[in-house]
Every structure is written in C-alpha cells, then in structure tokens.
Student: 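What follows is a structure written as structure tokens; I'll ask about it next.
Order of appearance sets the numbers: ligands from 1, and atoms from 1 within every ligand. Values below: every heavy atom of this structure, side chains too, minus hydrogens, waters and symmetry copies. All values reported here derive from a predicted model rather than from experimental measurement.
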Amino acid sequence: MAINAIKGMNDILPGDVETWQFLEQKVREVFGTYGFSEIRTPAVEKTELFCRSIGEKTDIVEKEMYTFADKSENSLTLRPEGTAPVMRSLIQNRLHTLDPVNKLYYMGPMFRYERPQKGRYRQFHQIGAEVLGVENPMIDAQLLAMLHQYFCEIGIDAVQLQVNSLGCPECRPAYRQTLIAYLDARLESLCADCRRRYQTNPLRVLDCKASGCKEATAAAPSVLDHLCGGCEEHFTAVKKYLKVLDIPFEINARMVRGLDYYVRTTFELVTDQLGSQNAVAAGGRYDGLVESLGGPALPGIGFAIGVERLVLMKGAAKVQAARPDIFLAAMGEGAAEQAFVLMSELQRAGIRAEIDYQGKSLKSQMRRANKLAARYALVLGERELETGTADLKDMDQGSQQGVALDELVGLMGQLRSSA
Ligand code: ATP
Ligand code: MG
C-alpha cells in the first residue's frame, strides 16, 4: 500500500510551484519597498503561547489546534497563525530595544484542524506582515496601502476591502453588554451554536451564516455607535488617510475576527470567487497583545493573506516553469559525451541546458526537446564532432544557424540576453 499525505495537507507540485514562487517574490519586492524585513519563526511553539494570545474561547483554540505532548510531556502546538509567534520572538530577542519601530513579514505553513474543503485546509500557508511600535493611524492606512499594492501587482483585483473598528478594552465591554441584552431578547431565533456562545462571544453571532441569526441581528446595535473618544478619533483618521491614499474600502460594522487580541481597526479582503471561504486576507490592530505576552506595552497591527486562496483566484498570475534555453541531442557515444560536457559548460555559464540520458533515437530526443519547450536545439553527431561545428536550431522560428562548438556558450549567452 502506498502512503498518502495527511488529509487536508497538500503537495505543491512543479507547474504550480512557479506561481507560489512568483507570489513570494512579489512579497519580497513590495513589502521590502515599505521597509519590512522577513522574520522566520519555528513551526511549533508552546501551546500556552496560542491560548494566551488567541484566546481560550475562540474556535482556533477550542477546536482547531494541532496540540500534542512531546517525549518530555511538554504541550506543543503546530502554529495555527503567525502573529503570536512573531510577538514571542520580538519579546524574546528584544527587537524593540534595537529599534522602537519593527516592520516584519513572514511566509509559511500554518496548521488548523478544520474540515477540509475548497480554500480550507489543515496545512495552509500565510503571508503576513506586522508593525510594532506605531500607534499613529497613518500606519493602519499604510499597511492597507501595501496590501492593496500587493494585490494589484499580482494581478488580483476582484477583492473588496472591508474595514471596521472593534473598539478597545475601554469601550468594548459596554458594547458587549448591550449586544448580549439585545441577543437575550431574541434567543429563540438563534442557531444552537450562537445560543451556546452569545454570552462568552456575542460578537461572533454577528458573523454567523445561519439565516435565523442573520435576521435576528439585522438591527443589532453597531459597534461603531459605541466607540470611546479615542477609538472614534482613531477610526476617523484611518478612514481619512485611506481616502487620501486612494485606497477603495467599505465599512462593515458587522465584521468580527476569530482571534481575541484585536482592538480598534480590523479589516478583511473579501471576494465572491471562493464560495463561503470569502476572506483572502484579514487583520487588524492588537495594541495590548505584546504586553499580555510579557513584553513592553507596544501597539501593533498586522494582516495575514491565505496563499492557497490567492492561488485559487481568477487573475492570479499563472506562472510558467522556465523553459530550457537549449536541448543538446546526440547521436553515438562520442557525441553523447560531448553533449554532456557542453551541457555542463552551459549550465556553469547560467544557461539552462538539457540532454537525453537514455541513449534514445534522435527522433525521440527531439520529441523531448519539444516537450520541454526548449528554445534552441543542437544536434551532435560524428560529422559535428569532426568539424567542430553544428547547426543551432531556433525551435520557435524554425530557422537554423551554424555555430562553432567552442563558441556555443558565448553565443547562447548573447541570444539569451537579447531575448
Ligand atoms: P475563515 O473565516 O475563512 O475561517 P479566519 O478568520 O479563520 O478565516 P484568519 O485567522 O484571519 O482566518 O487567517 C487569515 C487568512 O488565512 C484568511 O483570510 C484565509 O485567507 C486564510 N486561512 C485561514 N484559515 C485557513 C485554512 N484552514 N485554509 C486555508 N486558508 C486559511
Ligand atoms: Mg477560521
């Protein structure tokens, strides 16, 4: 019996991986322009890190974590998200003492025990960015401008930016109470899940897809009418700066996030291309998080993009694997060896060269050159070895030109740079 991968965990194969590499390359370019540096943290952390940051009563911590005991009975968890590990690292490595402002990005696999379906997997990948140490609402707008630019550069425009403010520890408790009282009077319309959680997590009810819950909360009090002075001012400024920067957005006062640490600005990039998995990216402010993890009182804001969902979207640049520059076909043993040496010289000069290793007929070698979509092909036989020259065939144009074998590397270099 062959062994298969774990359900909900996917291989990324040649042919697809080029698109992933392109998306990652664009992250380096665009995020780099905005002054972000990459940070890489381990895939596994102490379970406590996620319980304390994401929140015990969230779906992620209650149901979705891959938690296990190692051989010393330590409780470890495969990271379900990237923000908490980055904060742990910032505190542990005292990055804030080197620079009061830290702009960091990460890319990598995350793990959640969810029901696998289109756009929802058990190992998935996120591209995330975090800014630590800036309270100014300008950074909220700038982070969203960066996200917007990234999506433009990878060719995806079918997304809508929705923003909200979730208030802060000063104003949210009163809003929660108001919302609980409102829900209390409508319990019979709520789904079983929401009836269970409306006391502990009333905001989640606003986000519930069940039709009864949607109807019951249609006229629910809005968080935006309950912001304290500071949050109101912050949100007004964020909206102003988004307009100044020409970033299209909509207010969605019903947006809630599945992690407890968010305060003030929250946002999602949503699309109608992915069925119920409609969020491609999401994030927000988490001003108290670093302090709650034992670090300094640093404000923070960040987002995470779901890479699998990006790849599924129309318009996401489909990137082709690089074509070989040249295929060297050989007839006879001497020619095969010569082709092998030439290939190596070409590769050392940075030219993508291929040969046949199986001693196949010339016809089948040329078939392979076509299959690989080699740009040029060169046939080496006894005559070519004797004269030291050969015909270089342009596989796109169908034309030929003679070339001295000892000038092949130079010529290929020229052809490549003029292409
Ligand atoms: P959803 O509501 O779809 O479950 P979420 O709120 O749990 O998303 P976040 O924790 O905010 O998602 O993660 C940010 C992004 O990561 C999401 O917008 C999504 O694109 C992606 N993502 C989250 N969970 C998964 C998953 N299981 N498989 C694939 N992508 C995911
Ligand atoms: Mg989720």
Student: For Phe340, does the CZ atom have more than 12 heavy-atom neighbours from other residues, nucleotides or ligands under 6.0 Å away?
Tutor: no

Student: Determine the interplanar angle of the Tyr175 and His226 rings, folded into 0 to 90°, and report it as parallel if under 30°, tilted if 30 to 60°, perpendicular if over 60°.
Tutor: tilted

Student: May I ask which of Lys118, Arg112, Glu81, Arg120 has a heavy atom nearer to atom 12 (O) of ligand 1 than the others do?
Tutor: Arg112

Student: Tell me whether the NZ or CZ atom of Arg195 lies within the 45° cone about the ring axis of Tyr198 and under 6.0 Å from its centre.
Tutor: no

Student: Backbone or side chain, does any N or O of Glu114 fall under 3.5 Å from an N or O of ligand 1?
Tutor: yes

Student: Which of the atoms in ligand 1, numbered in the order shown and given with their element, are less than 4.0 Å from a heavy-atom of Ala282?
Tutor: 11 (O)

Student: Just to confirm my output: which protein heavy-atom neighbour is closest to atom 28 (N) of ligand 1, and how far is it?
Tutor: Tyr121 N, 2.9 Å

Student: Give the residue and atom name of whichever protein heavy atom lies nearest to atom 14 (C) of ligand 1, and the separation in Å to one decimal.
Tutor: Gln126 NE2, 3.3 Å

Student: Are Glu250 and Gln160 linked by a side-chain donor-acceptor pair shorter than 3.5 Å?
Tutor: yes

Student: Within 45 degrees of the axis of the six-membered ring of Phe111 and under 6.0 Å from its centre: does Arg79 put its NZ or CZ there?
Tutor: no

Student: Is there a nitrogen or oxygen of Val280 sitting under 3.5 Å from a nitrogen or oxygen of ligand 1?
Tutor: yes

Student: Report the member of Gln117, Arg115, Arg257, Arg122 with the shortest heavy-atom distance to atom 6 (O) of ligand 1.
Tutor: Arg257

Student: Which residue holds the protein heavy atom closest to atom 20 (O) of ligand 1, what is that atom called, and what is the gap in Å?
Tutor: Ala279 O, 3.0 Å

Student: Considering only NZ, NE, NH1 and NH2 on the basic side and carboxylate oxygens on the acidic side, decide whether Arg375 and Asp325 come within less than 4.0 Å.
Tutor: no

Student: Using a strict 4.0 Å cut-off to heavy atoms of Ala281, name the atoms of ligand 1 that fall inside it.
Tutor: 18 (O)

Student: What I want to know is whether Arg309 and ligand 1 share at least one N or O pair that is separated by under 3.5 angstrom.
Tutor: yes

Student: Nearest to atom 22 (N) of ligand 1, what protein heavy atom do you find, and at what distance?
Tutor: Phe124 CE1, 3.5 Å

Student: For atom 21 (C) of ligand 1, which protein heavy atom lies nearest, and how many Å away is it?
Tutor: Gly306 CA, 3.6 Å

Student: Using distance alone, with no hydrogens and no angle criterion, decide if Thr265 and Ser165 have a side-chain donor and acceptor under 3.5 Å apart.
Tutor: no

Student: Indicate yes or no: does an N/O atom of Ile60 lie under 3.5 Å from an N/O atom of ligand 1?
Tutor: no

Student: Decide, yes or no, whether a salt bridge links Asp59 with Lys63 under the criterion of side-chain N to carboxylate O below 4.0 Å.
Tutor: yes

Student: Between Tyr105 and Phe36 (judged by ring centroids, cut-off 6.0 Å), do the two rings come close enough to count as a pair?
Tutor: no

